[in-house]
Number of protein chains: 2
Amino acid sequence: MRDLLSVLQQIEPDLSKSERILAALLRSDAEFIVNAGITDVAERAGVSPPTVTRFCRRLGCESYTAFKVQVAQVTFAGTRYLTANAASDAPSDIADSLLAQFQDAAARTREALDMESVLAAADAISTAKLLAAFGAGGTSSMISDEIQNRFFRLGLRTVSVTDHAMQLMQAATMRTGDVIVASSVSGRNLQMVRALEAAKTYGAVVIALTRPARPVADHADITIAIDLPEGENILRPSTSRYAFLFVTDLLATLVAMRRGDEARENLRRVKYQLSNTRDLDDKEALGD
Amino acid sequence: MRDLLSVLQQIEPDLSKSERILAALLRSDAEFIVNAGITDVAERAGVSPPTVTRFCRRLGCESYTAFKVQVAQVTFAGTRYLTANAASDAPSDIADSLLAQFQDAAARTREALDMESVLAAADAISTAKLLAAFGAGGTSSMISDEIQNRFFRLGLRTVSVTDHAMQLMQAATMRTGDVIVASSVSGRNLQMVRALEAAKTYGAVVIALTRPARPVADHADITIAIDLPEGENILRPSTSRYAFLFVTDLLATLVAMRRGDEARENLRRVKYQLSNTRDLDDKEALGD
DNA sequence: CTGCATACCGGAAACCATTTTCATTTTGAC
DNA sequence: GTCAAAATGAAAATGGTTTCCGGTATGCAG
């Protein structure tokens, strides 16, 4: 099933004036359309009902009703985004709005993701002799540790370094065939950049998970761009952690598939050792 | 917005015979309903159109059209969940399916969340003299560190302890007014349980983020139940990290709101010190 | 500038799906 | 068995959607 909004994007140039008004309305207030009849939509857009019908046909829908159904589907995630600002201070509204933010952050990240860089990164990582994860500061160091946690299970020699001095020292020991995954939310971690430069002179490949067009990205061989707007409420935790975590998971999954049997064998061993000492169910998750 | 299927579940016992037929049809072939008119649905179910209208009203919908829109939404979420098994090995399909898994994990967690325990936990944490985060193993230790990362910013004395021996030692030093947040994905971390027991004898309040009805939950004063089914594909990272992270964020936000000005002042200080030493934009996110 | 062809749009009528009304049937209690 | 209440469907009424068609704008050629 193709997505209504992407169809719209595609045929936008061919649209007439009235149809563009409808397109704008669809984008700005899809929820209204879902809850309104064709006459309401027509009136609000200042066009006639037949024009609305024609607009729906253009988007590949049989009828206005079919169109409405499709709008309902694509905006399901979207309406959640609208509630990203909590309706009230009531805890359950806050929970809803955090959930919306999280879902939105993940969806946007996935949407903006450049698969070619992801693939290039997965290729590099899956054959790395040593994988070093760099990151400093709340989110970035968490991601760095998480990278270590995910990749050592796949049989890769992995180390997480979250201390600038140690990053520089680690960099000094690296050589051709080694890979660094450098995470930086701001993209401006200059001390880390120094370590990356050093590592590159010794032949390591640098993969950056960071904002594009910033120092960290500029010094990387492969950049996976993650560029989320930060929320305005200082009391709210930032959503970028979810974006970084999502990319980490994607990389881990792709690398696991590339390494196939070896990854499976290592995961099995980890699980076996855990269940041996900790008396867990066989079905228990890895990694508590 | 309430979920149609959960409403259905709730009122199922009160339904009449014809309505049950419709309920069964809705569950078995929602897609058909989305693409059909009321007469088609009526015919297929062997009932009359008015009965269908009444059925929609019972489910809280204004009209059949409104009902159809809602069905479209829930089934869309459903198909997303179904695509959690990637359509193919193509990286972008895998990305989509990971995204679907996480969105689903987060939504389920939010749905199942017991707000009363969350509130009780937020109350306890916001007045804690010392906050100790316990956790061991991949996800749980990550969450433990993350709790430290989030709460120290709010002006709480916070420490993360991810080592069993240290947990026991930490527990021995705790007293009334102190709070422990214990994370355990499996809920069976027996060594941690020992530390929790010790801490309780010295008067600390224990909050557990874990599966219900397992040792860790049984030894907690407040349990926030997080109970996600684990995926079957061993190469896939588990989704429980997102669930735990979501709950952590929610707690952090609620505590931040309770602590109000003090939280704001501490966040401002952290930001100020960072921008002082690191030459960041003023608009930069906290916590890179 | 004019005339023509084309595309676009809206009014009104036709059409069709949905809903309401109301009579009938079924169910269940006494 | 009888009655009341609930459930159901037939048919009419309603209201929303689509089709048809004519008017208007736009662009192009002469």
Side-chain angles (χ1 to χ4, degrees), chain A residues 4 7-75, chain B residues 4 7-75:
Chain A
L4 207 61
V7 174
L8 180 59
Q9 191 116 25
Q10 206 181 325
I11 66 165
E12 177 106 55
D14 306 339
L15 256 41
S16 74
K17 213 172 73 182
S18 309
E19 286 170 334
R20 271 168 216 233
I21 297 172
L22 288 168
L25 178 61
L26 171 58
R27 274 199 259 260
S28 67
D29 197 356
E31 202 179 348
F32 167 75
I33 291 178
V34 168
N35 299 316
I38 194 171
T39 46
D40 305 315
V41 173
E43 187 176 352
R44 169 114 179 248
V47 301
S48 69
T51 304
V52 178
T53 299
R54 283 187 284 258
F55 176 69
C56 299
R57 296 265 157 83
R58 282 223 157 182
L59 282 151
C61 301
E62 276 277 315
S63 65
Y64 174 71
T65 314
F67 166 75
K68 231 164 76 161
V69 164
Q70 293 233 34
V71 174
Q73 292 179 334
V74 289
T75 54
Chain B
L4 210 59
V7 175
L8 180 59
Q9 191 115 26
Q10 206 182 326
I11 65 166
E12 177 106 54
D14 306 339
L15 257 40
S16 73
K17 212 171 73 181
S18 309
E19 287 170 333
R20 271 167 216 232
I21 297 172
L22 287 168
L25 178 59
L26 171 58
R27 274 200 258 261
S28 67
D29 197 356
E31 200 180 346
F32 167 77
I33 292 178
V34 168
N35 299 315
I38 194 171
T39 46
D40 305 316
V41 173
E43 188 176 353
R44 170 114 179 248
V47 301
S48 68
T51 305
V52 178
T53 298
R54 284 187 282 259
F55 176 68
C56 299
R57 296 263 157 83
R58 283 223 158 181
L59 283 153
C61 300
E62 276 277 314
S63 65
Y64 175 70
T65 313
F67 167 74
K68 231 165 77 161
V69 164
Q70 294 232 36
V71 173
Q73 291 179 336
V74 295
T75 55

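We name chains A, B, ... by the order of the sequence lines, and we start the count at 1 in each one. Note that these values count all heavy atoms, side chains included, but never hydrogens, waters or copies made by symmetry.
- For the contact set between residues 62-69 of chain A and DNA chain D, defined by any heavy atom under 4.0 Å, the members are Ser63(A), Tyr64(A).
- Non-hydrogen atoms lying under 4.0 Å from DNA chain C are contributed by Gly37(B), Ile38(B), Thr39(B), Pro49(B), Pro50(B), Thr53(B), Arg57(B), all within residues 35-57 of chain B.
- Pairing each heavy atom of Thr51(B) with each of Ser18(B), the nearest pair is CG2-CB, 3.8 Å.
- Here Arg27(B) pairs with Glu12(B) under the salt bridge (Lys or Arg N to Asp or Glu O under 4.0 Å) rule; sequence neighbours left out.
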Going through the distances and angles, do Gln70(A) and Leu59(A) end up as a side chain to side chain contact (heavy atoms under 4.5 Å, CB included)? CA-CA 10 Å; Gln70(A) 293 233 34; Leu59(A) 282 151; over 6 Å; no

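- Here the closest non-hydrogen pair linking Ala23(B) and Leu15(B) is CB-CD2, 4.2 Å.
- Scored by the salt bridge (Lys or Arg N to Asp or Glu O under 4.0 Å) test, Arg44(B) finds Asp29(B) as partners (sequence neighbours excluded).
- Taking CG of Leu22(B) as the start and CZ of Arg20(B) as the end, the distance is 12.0 Å to the nearest 0.5 Å.
- Of the residues in residues 16-29 of chain B, those with a non-hydrogen atom less than 4.0 angstrom from any atom of DNA chain D are Ser16(B), Lys17(B), Ser18(B).
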Which atom pairs, donor and acceptor, lie under 3.5 Å between side-chain atoms of residues 31-43 of chain B and protein residues at least two apart or in another chain?
residue  : atom : partner  : partner atom : Å
Asn35(B) : ND2  : Glu31(B) : O            : 3.1
Asp40(B) : OD2  : Gly37(B) : N            : 3.0

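- Remark: side-chain polar atoms of Arg57(B) are paired, donor with acceptor, to backbone N or O of Glu62(B) under 3.5 angstrom.
- Heavy atoms only, all atoms of each residue included: Ala45(B) and Leu25(B) are closest at CB-CD2, 4.3 Å.
- Between the CZ atom in Phe67(A) and the OG1 atom in Thr53(A) there is a gap of 10.5 Å [rounded to 0.5 Å].
- What separates CG of Leu15(B) from C1' of dT27(C) is a distance of 16 Å, to the nearest Å.
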